[in-house]
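Because the structure is a prediction, the values reported are computed rather than measured. Residue numbering restarts at 1 for every chain, and letters A, B, ... go by the order of the sequence lines.
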Amino acid sequence: MVTTAIDPHPERTRWLRRSAAAAIATVVLGITGTGLAVGILTARQPDTSGGTQASSSDDSSTSSDSGSSSSDDSGSSSSSGLGSAQQDAPVQGGSNGS
Amino acid sequence: MTASRTWQAWSCTVRLTVDDPVVLGAAAGALKALMDRVDKAASRFRPDSELSAVNTRAGSMVPVSRLLVDLVDVSLVAASMSGGAVDPTVGAAVLAAGYDSDIETVRARLAKPTEPTSPAPGWQQVRLNRKVAMVGIPEGTSLDLGATAKAWTADRAALVLSKRHGCAVLVEIGGDLRAAGTPAEPWVIRVAEREGEQGVAVTLAHGGLTTSTRTARSWATPGGYAHHVIDPRTGRPADGRWRTASVWAPTAVRANTFSTALVATGEAALGRLTLAGHPARLVADDGEVTELSGWPAASKAA
């Protein structure tokens with residue numbers, strides 16, 4: 001005798017199958033996306049193992065500063081920073097020969 | 001409102017100026033700490049410095065701190081930028097000229113004869129392994145980072161302190177100045193051949209401004225006066241056309257490289273300066289002044 005199982009709730013079963021498929025797809029896409037993100041970030045991360053970062057052993061003034069000392073041009077324009085001084089302007093610094 | 005603090009270190013005047021008086025004390029403390037670290041790493045007058053260890057162990061690679069790696073690195077960049085006019089391997093030549101101790105000690109003692117000299121070995125001989133922090137020089141070679149260490153320190157201190165405290169900062173170490181941050185008004189700077197002398201006044205909005213001269217750190221020898229700016233081509237104190245050079249550039253290291261090169265090798269360094277287009281003021285042996293590349297024409301006697 002052959003019996004055929006009849007689902008009393010076909011709509012509910014279909015919804016559960018779709019939900020399961022969506023969950024699996026979300027997990028797969030999440031893992032893939034995370035992997036891609038990690039890969040991209042890794043590729044973009046410079047190799048700092050051979051850099052010339054200043055030591056921060058006993059002076060906090062350099063602890064947060066990184067990068068090669070020879071390229072400290074940040075914050076400076078290549079245009080000349082010199083100008084003419086007013087006659088009565090008080091002197092604030094000196095560049096004396098040394 | 002600005003506030004400044006002045007003290008003596010490295011045989012020169014150090015001045016820190018900020019446009020936020022509240023942070024002056026902390027900023028001055030940080031600058032002194034940085035200078036102390038640089039001194040321990042790169043002073044050739046301290047037998048316990050890392051640089052002394054490198055010079056003593058010439059012929060082998062010596063492990064050093066990241067700080068000394070930075071300082072050697074920037075000296076090699078300066079040498080390359082100047083075509084060898086600012087060469088860190090002039091250490092033996094400086095010693096041969098008699099500059100073997102603090103400048104006040106050298107001046108105070110009896111003049112002693114200079115030793116025979118030879119051209120500097122050349123900055124290309126320096127071996128620097130940044131990854132493992134090791135420095136090596138050939139036997140018979142001695143490093144002197146005096147040409148670039150002050151400027152590097154001024155650059156680093158100005159940038160770090162300006163960023164940390166969020167204000168405009170002016171760091172002055174001897175003739176090397178570095179301005180960082182955005183001051184309400186550009187700093188007014190007196191440029192002079194020697195401290196206390198009449199000079200010219202300019203404004204400095206940003207970047208580095210340095211003055212190199214052979215008139216300041218000089219001492220008596222049996223053959224006349226010697227000074228500390230060595231021409232690497234001969235190994236002797238420079239005797240080029242200009243006795244003093246002041247240069248502006250985006251950084252103090254870069255400005256110092258050109259100002260030192262102009263005093264060390266004279267007209268040989270002029271081509272590179274012209275190509276770089278940095279404003280410069282040159283004083284010849286006879287006092288003739290030459291202003292180049294946009295040096296403020298209206299600068300006045302200060």
Set of residues satisfying side chain to side chain donor-acceptor pair (under 3.5 Å) with respect to B:T148, sequence neighbours excluded: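 Checked B:T148 against side chain to side chain donor-acceptor pair (under 3.5 Å); zero matches.
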Residue [X] versus chain A: region with a heavy atom under 4.5 Å:
X	answer
B:S4	neither
B:E172	side chain
B:P186	backbone
B:L204	both
B:T244	neither
B:L177	side chain

Does A:L82 offer a backbone N or O that forms a donor-acceptor pair with the side chain of B:T203 under 3.5 Å?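 The answer is no, because no donor-acceptor pair under 3.5 Å joins these two groups.
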Mind listing the closest non-hydrogen atom pair of A:Q92 and B:T2 along with its distance?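 What the structure gives for the nearest pair is NE2-CG2, 3.9 Å.
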Check this for me: B:E197, atom CD, are more than 12 non-hydrogen atoms of other residues, nucleotides or ligands nearer than 6.0 Å?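 Yes, enclosed.
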Between B:H206 and A:S80, is a side chain to side chain contact (heavy atoms under 4.5 Å, CB included) present by the stated rule, with each step listed? CA-CA 8 Å; B:H206 59 83; A:S80 173; over 6 Å; no
Any B:R281 side-chain heavy atom under 4.5 Å of A:S95 side chain: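 B:R281 vs A:S95: side chains apart.
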Mind checking ring pair (Phe, Tyr, Trp, His ring centres under 6.0 Å) for B:Y99 and listing every partner two or more places apart, or none if nothing turns up?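 Checked B:Y99 against ring pair (Phe, Tyr, Trp, His ring centres under 6.0 Å); matches are B:F45, B:W219.
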